[in-house]
Amino acid sequence: MNPSAKYRFETLAVHAGHSVDAATGAVVAPIHLSTTFEREADGSYPHGYLYSRNHNPNRNGLEAALAALEGGTSSAAFGSGLAAVTAVFQGLQPGDHVVAPLDIYHGTANVLKHLFAKWQVSASFVQMTDVDAVRRAMQPNTRMVWIETPSNPLLQCVDIAAMAEIAHQGGARAVADNTFASPALQNPLALGCDLVLHSTTKYLGGRSDVLGGAVVTRSDDEAFAAIRTAQLFGGAVPSPFDCWLVMRSLPTLPYRMQAHCANARKVANFLHAHPKVSAVHYPGLEENPFHALAKRQMRDFGGMLSFETRAGKEAAMTLAAHVQVFTRATSLGGVESLIEHRASIEGPESKTPQGLLRVSVGLEHADDLIDDLAQALDRCA
Ligand SMILES: *Cc1c(COP(=O)(O)O)cnc(C)c1O
């Protein structure tokens, strides 16, 4: 690739961070398992590698690729999405405050409530679809506004540009967890955010076979240096094989996302018309309250949706018990369609409606997914 050329997303997905191996000419990058790298007689490191926690060729490639796909300058990769989340908050100081959405990913809420609260990093959880509520939640010590859109499990959308503006007016940084959309559909840095976070476990890995996380930064500033330090000193780095697996999936990301979105749209339309379904949460539906906003800040509406059965929990459980193409499991972004009863995975504190099922629409034929839901709905009250 010509480093000064401006390539389109599909081309970056294939080439960014990928290169022909200089030592062998291998077109596909080898997996560098070596934990340590040889020093020259003069004590220098001629290849720039010292020890694999600090740097590893596979991780460097993945970080370059993710930075390119999100339009950032650098990125830091971690062993899971939550390790990346933790590193972002480790960049804060005791006394700092975070504004976060009420329907934030429950694992991120756990990190704030159970790991950082005791280090005097406080958080306010607000209804982020209400811009004034976010303004009111800002405090003089607010250093970060955490954005997640579309949200989980109600697929509510938040105005990223408006949130970034409120954050910056208050002297805070705007961070977007872009896991649900993926960089193929939404680029928060271009909408004013300072950092983007991904659980690469989901659409970026795309195969439900690798855990990972990453933070992409708009600029190589002091705040990002603090995240790098958390990566280096904290050591929650992904293995070379994990990096390689994510890299293997990136070239197909744009095409997988097209198919996820097309299938999800069809499944959402089917559910929307079904008499036993009382609500479908999918921003791609024209009557969805977030449709116009999603259309403005996303290129398509994503592969995630949720819906509620008219007869409540019993019917939702019966439906989930009878699917044959969908798999009953948590997580998202893989080739296989998943369905889950969200309230029971979130535990007793969950505010999710008991009749709600969350669906990660996979890459099967849409008609087989629809037929499967239809036969399972036939068995419900
Ligand atoms: C899964 C997920 C995470 C956490 O990522 P892990 O890789 O499971 O640690 C964070 N945010 C969102 C939106 C997620 O879906």
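Owing to the predicted nature of the structure, the values given are computational and were not obtained by experimental measurement. Atoms within each ligand, like the ligands themselves, are counted from 1 in listed order.
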Take atom OH of Tyr45 as the centre, draw a 6.0 Å sphere, and report whether it contains more than 12 heavy atoms from other residues, nucleotides or ligands.
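Counting other residues, nucleotides and ligands, OH of Tyr45 exceeds 12 neighbours.
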Sub-4.0 Å atoms of ligand 1 with respect to non-hydrogen atoms of [X]:
{"X": "Ser80", "answer": "7 (O), 9 (O)"}
{"X": "Lys202", "answer": "1 (C), 2 (C), 3 (C), 14 (C), 15 (O)"}
{"X": "Gly81", "answer": "5 (O), 6 (P), 7 (O), 9 (O)"}
{"X": "Phe180", "answer": "15 (O)"}

Taking the basic N atoms (NZ, or NE/NH1/NH2) and the acidic carboxylate oxygens, is any pair closer than 4.0 Å for Arg342 and Glu340?
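Salt bridge between Arg342 and Glu340, a charged N being under 4.0 Å from a carboxylate O: yes.
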Does the side chain of Arg173 reach to within under 4.5 Å of the side chain of Val145, using non-hydrogen atoms?
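Side-chain contact under 4.5 Å: no.
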Closest candidate by heavy atom, reference atom 5 (O) of ligand 1, pool Ser151, Gly79, Pro150, Ser199:
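Selected option, by shortest heavy-atom distance: Ser199.
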What do you reckon, does Gly212 put a non-hydrogen atom under 4.0 Å from ligand 1?
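The answer is yes, since Gly212 has a heavy atom less than 4.0 Å from ligand 1.
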Can you tell me if Asp177 contacts ligand 1 (heavy atom of the residue under 4.0 Å from the ligand)?
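Contact check Asp177 vs ligand 1: positive.
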Checking a contact table here: which protein heavy atom is nearest [atom], and how many Å away?
{"atom": "atom 7 (O) of ligand 1", "result": "Thr201 OG1, 2.6 Å"}
{"atom": "atom 4 (C) of ligand 1", "result": "Tyr105 CE2, 3.5 Å"}
{"atom": "atom 9 (O) of ligand 1", "result": "Leu82 N, 2.9 Å"}

Look up atom NZ in Lys313 and atom CG in Leu357, then write down how far apart they are to the nearest 0.5 Å.
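Between atom NZ of Lys313 and atom CG of Leu357 there are 11.5 Å.
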Under 6.0 Å between ring centres: does that hold for Phe37 and His55?
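Distance test on ring centres: not under 6.0 Å, no.
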Check the side chains of Asp372 and Gln324 for a donor-acceptor pair under 3.5 angstrom, ignoring hydrogens and angles.
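Short answer, no.
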For the residue pair His198 / Glu70, report whether a side-chain donor-acceptor contact shorter than 3.5 Å exists.
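Per modelled atom types, Glu70 and His198 side chains form a pair under 3.5 Å.
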